[in-house]
Amino acid sequence: MSDRNSDGLQDVALWRTFLAAYRAGSVSAAARMLGLAQSSVTTQLQALERSIGEPLFVRLPRGIRPTSRADELAERVADPLDALAAAVGTASAGPQPAVRLGGAAEFLARVGVPSIAPAVADGLRLTVTTGLADDLLAQLRAGSLDVVVSAVRPRGRALPASALCDEEFVLVAAPSLGVAPSRGLPPADIEHLPLLAYAQDLPILRRYWRHVFGIRLDREPALIAPDLRALAAAAVAGAGITVLPSYLIAGELDDGRLTVLRPTDDPPINTLHVVRRPGPLTEEVAAVERMLRDAVSAW
């Protein structure tokens, strides 16, 4: 009698390595997830491919791409292996590990961390990492984060993702600049005002100009700060005009420190997603996601 089935299942460790590589998208990231040498991961994948009798990954200059056969196998083995990992994990004693949350610094500071704070006071352990979406998703694939609030929806099915909320962007300035708000405000009326930008290429401002005004913005910024909170503070101080997500400046709009210059029923939006690390959903991660959703439910 053969010691393997038609899929070549001989060694759970090989399938664990396969699943890690499938989810991580690279041999090096899988090695970090598993605590193995990169050469060991490569050897195990090659052994599994020989057992299966066909390639499971296409080797790319940066990373690996699963074949259709790998997609099929990952769908079959993921739940059993995740259940096994969860069962083994529950046998360990000691405090629960911290939930590792990633996202844009502005969102986490204004919405994410305050919404989770009561749970932290009740005993939840939380570690926060801020950064750009692509970098955070790479950390999620590598297993160094548990959940990420991302403006980028990851491709494929390796990372569970679902929409969280839509950010609405508004053009704002301090009343001291003397611009009368108007639904029909032409761009010519504000072209003399300094632009406060997130980056040199004006990514948020350009998108707003294209969406609302229907024209290309071709001006140099007067101030560049890669933090939307700094742009909000500069705008409140009267430095110029900028475009910001409305949730971030709700207080400034309510008390009149900032004014929406061109109210519109069709603002530019940016969809944020909750993206989780592959594997079993722990109670702690589920609770963090639930608190994030509760925090944005009124938007």
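The local environment of CZ in Arg16 is sparse, with at most 12 non-hydrogen atoms from other residues, nucleotides or ligands closer than 6.0 Å. Heavy-atom contacts from other residues, nucleotides or ligands closer than 6.0 Å to CD of Glu283 number 12 or fewer. When the shell of 6.0 Å around CZ of Arg59 is examined, it contains more than 12 heavy atoms from other residues, nucleotides or ligands.
Inter-residue side-chain proximity for Ile52 and Leu73 is flagged as met; some heavy-atom pair is nearer than 4.5 Å. Between Ile249 and Val170, the closest side-chain pair of non-hydrogen atoms falls below 4.5 Å. When side chains are defined from C-beta on, Asp146 does not count as touching Leu101, because their heavy atoms never get closer than 4.5 Å. The shortest distance between side-chain heavy atoms of Ile190 and Leu171 falls below 4.5 Å. Between Arg207 and Val243 the shortest side-chain heavy-atom distance does not fall below 4.5 Å. Counting heavy atoms from C-beta on, the side chains of Asn270 and Pro245 never come closer than 4.5 Å. When side chains are defined from C-beta on, Tyr22 does not count as touching Val77, because their heavy atoms never get closer than 4.5 Å. Leu195 places a side-chain heavy atom less than 4.5 Å from the side chain of Leu217.
Side-chain atoms of Thr242 come within 3.5 Å of backbone N or O of Leu196 as a donor-acceptor pair. When atom types are taken as modelled, the side chain of Glu49 and the backbone of Leu56 share a donor-acceptor pair closer than 3.5 angstrom. Checking side-chain atoms of Arg262 against main-chain N and O of Leu185 turns up a donor-acceptor pair under 3.5 Å. Looking only at distances, no side-chain donor or acceptor of Arg229 sits under 3.5 Å from a matching main-chain atom of Glu106. Side-chain atoms of Thr127 never come within 3.5 Å of backbone atoms of Arg100 as a donor-acceptor pair (strictly under, hydrogens ignored). A donor-acceptor pair under 3.5 Å is formed between the side chain of Thr67 and the backbone N or O of Ala70. Proximity of a side-chain donor or acceptor of Ser51 to a complementary backbone N or O of Ala47 within less than 3.5 Å is not detected. Side-chain N or O atoms of Thr264 include one that pairs as donor or acceptor with a backbone N or O of Asp266 at under 3.5 Å.
Hydrophobic clustering (ILVMFWY, side-chain heavy atoms < 4.5 Å, transitive): Leu281 and Leu137 are in distinct clusters. No single ILVMFWY cluster, assembled from side-chain heavy atoms under 4.5 Å apart, contains both Leu159 and Val147. Cluster annotation: Trp15 is connected to Leu19 through the hydrophobic network of ILVMFWY side chains, with a link wherever side-chain heavy atoms come within less than 4.5 Å. Transitive grouping of hydrophobic side chains (ILVMFWY, heavy atoms separated by less than 4.5 Å) keeps Val111 and Val275 in distinct clusters. Connection of Ile215 to Leu193 is established within a shared hydrophobic cluster, with ILVMFWY side chains joined at heavy-atom distances below 4.5 Å, either directly or through further cluster members.
For the residue pair Ala295 and Ser115, the shortest heavy atom distance occurs at CB-CB, 3.6 Å. In terms of heavy atoms, Ala199 sits closest to Ile224 at CA-CG2, 3.8 Å. When all heavy atoms of Glu284 and Val99 are compared, the closest pair comes out as CB-CG2, 3.4 Å. In terms of heavy-atom proximity, Pro267 sits nearest to Phe169 at CB-O, 3.6 Å. Between Arg219 and His192, the shortest heavy-atom contact is NH2-C, 4.4 Å. Between Val260 and Pro181, the closest heavy-atom pair is O-CB, 3.3 Å.
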Original post:
Given the rule in the side-chain contact (heavy atoms from CB on, under 4.5 Å) test, do Ile204 and Leu228 qualify, once you have shown the distances and angles that lead to the verdict?
Top reply: CA-CA 10 Å; Ile204 301 174; Leu228 299 181; 3.8 Å; yes
Subject >> From CA spacing to verdict: side-chain contact (heavy atoms from CB on, under 4.5 Å), Leu145, Arg277 >> reply: CA-CA 7 Å; Leu145 291 175; Arg277 182 170 59 86; over 6 Å; no
Original post:
Could you go step by step and tell me if Arg69 and Glu72 meet the side-chain contact (heavy atoms from CB on, under 4.5 Å) rule?
Top reply: CA-CA 5 Å; Arg69 178 64 165 151; Glu72 174 193 343; 3.0 Å; yes
Subject >> Pair Val179-Asp189, side-chain contact (heavy atoms from CB on, under 4.5 Å): steps then yes or no >> reply: CA-CA 8 Å; Val179 180; Asp189 285 4; 5.8 Å; no
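Here CD1 of Ile241 is found 9.5 Å from OH of Tyr208. Values are rounded to the nearest 0.5 Å. Distance CZ/Arg141 to CG/Leu136: 11.0 Å, rounded to 0.5 Å. Atom CG of Leu244 and atom CG of Leu205 lie 8.5 Å apart (nearest 0.5 Å). From Leu48, atom CG reaches atom CD of Gln46 across 11.0 Å, with rounding to the nearest 0.5 Å. Expressed to the nearest 0.5 Å, how far CG of Leu126 lies from CE of Met291 amounts to 8.5 Å. Taken from CD in Glu289 to CD1 in Ile116, the straight-line distance is 11.0 Å, to the nearest 0.5 Å.
Phe57 meets the ring-ring contact (aromatic ring centres under 6.0 Å, His included) test with Phe18; sequence neighbours excluded.
Each of Leu258, Val236, Leu231 was compared with Val172 under the side chain to side chain contact (heavy atoms under 4.5 Å, CB included) criterion, and only Leu258 meets it.
Listed by chain and number, the hydrophobic cluster partners of Ile269 come to none, as no ILVMFWY side chain reaches under 4.5 Å of it.
The residues Arg257 and Asp255 are annotated as salt-bridged, a charged nitrogen and a carboxylate oxygen being separated by less than 4.0 angstrom.
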